[in-house]
Every structure is written in C-alpha cells, then in structure tokens.
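Along the sequence shown, the residues carry numbers beginning at 1. Source: prediction; values computed, not measured. Side chains included, hydrogens not; waters and symmetry mates left out as well; all remaining heavy atoms used. Whatever order the structure lists them in is the order used to number ligands and atoms, beginning at 1.
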Amino acid sequence: MKVTVDQDRCVASGQCVVAAMEVFDQRDEDGIVVLLNPEPTAEQAEDVRHAAAVCPALAIEIQD
Ligand code: SF4
C-alpha cells in the first residue's frame, strides 16, 4: 500500500489521525495533515483505509 495526502484539500479535521495515528499527524500551527508513513504496513492498512473513507475533504489517496 502507498498513501499520498493533498495538503491543499485538507480541512484540518483530524479524523485521519484518530483512525491511524502511526501514519497521519497534523501540523501544530494549523492542523493540516502530515503524512508520517507513505508505505504503511499490512497491519496498518485497514486503519489507513478507514482514514481515507472518513476524511471529509477526500484528501487521502491510496494505491495498493
Ligand atoms: S481527515 Fe482529511 S481533512 Fe481531516 S486532517 Fe486528515 S487529511 Fe485533513
């Protein structure tokens, strides 16, 4: 799995961090998403898919 995020689309809602905190973080200054791990492990994959599904800005893209 490979993950990309679009910081221009992100609305800083933070759901991705709640869903997969080992893969996503938010910038301290404005809450915009930061991708910690662009190649999540198999164990993290389900949480990352959940994060992408709940992102209100559709800012998370997944490639298998
Ligand atoms: S869930 Fe989407 S909009 Fe919210 S912080 Fe994460 S990437 Fe940004």
Revision key, fill the gap. Gly14 heavy atoms within 4.0 Å reach ligand 1 at atoms 4 (Fe), 5 (S)
Check your understanding: Judged by non-hydrogen atoms, does Val11 sit under 4.0 Å from ligand 1?
Key -> yes
Review point. Going by the order shown, which atoms of ligand 1 are within less than 4.0 Å of some heavy atom of Cys16?
Key: 1 (S), 5 (S), 6 (Fe), 7 (S)
Review point. For Gln26 and Ser13, which heavy atoms make the closest approach, and how far apart are they?
Key: NE2-C, 4.3 Å
Practice item. Give, for atom CG of Asp6 and atom CG of Leu35, the distance between the pair rounded to the nearest 0.5 Å. Key: 12.0 Å
Check your understanding: Within a strict 4.5 Å, meaning less than it, do heavy atoms of the Gln15 and Pro56 side chains meet?
Key -> yes
Check your understanding: Is there a side-chain contact between Ile62 and Met1 (heavy atoms, below 4.5 Å)?
Key -> yes
Review point. Given Ala12, Ala51, Ser13, Ala52, which has its nearest heavy atom closest to atom 4 (Fe) of ligand 1?
Key: Ser13
Review point. Judged by atom type as modelled, is there a donor-acceptor pair below 3.5 Å linking the side chain of Gln44 to the main-chain atoms of Glu22?
Key: no
Check your understanding: With a cut-off of 2.8 Å, does Cys10 place any N/O/S atom under that distance from atom 8 (Fe) of ligand 1?
Key -> yes
Check your understanding: What atoms of ligand 1 come closer than 4.0 angstrom to any heavy atom of Cys55?
Key -> 1 (S), 2 (Fe), 3 (S), 7 (S)
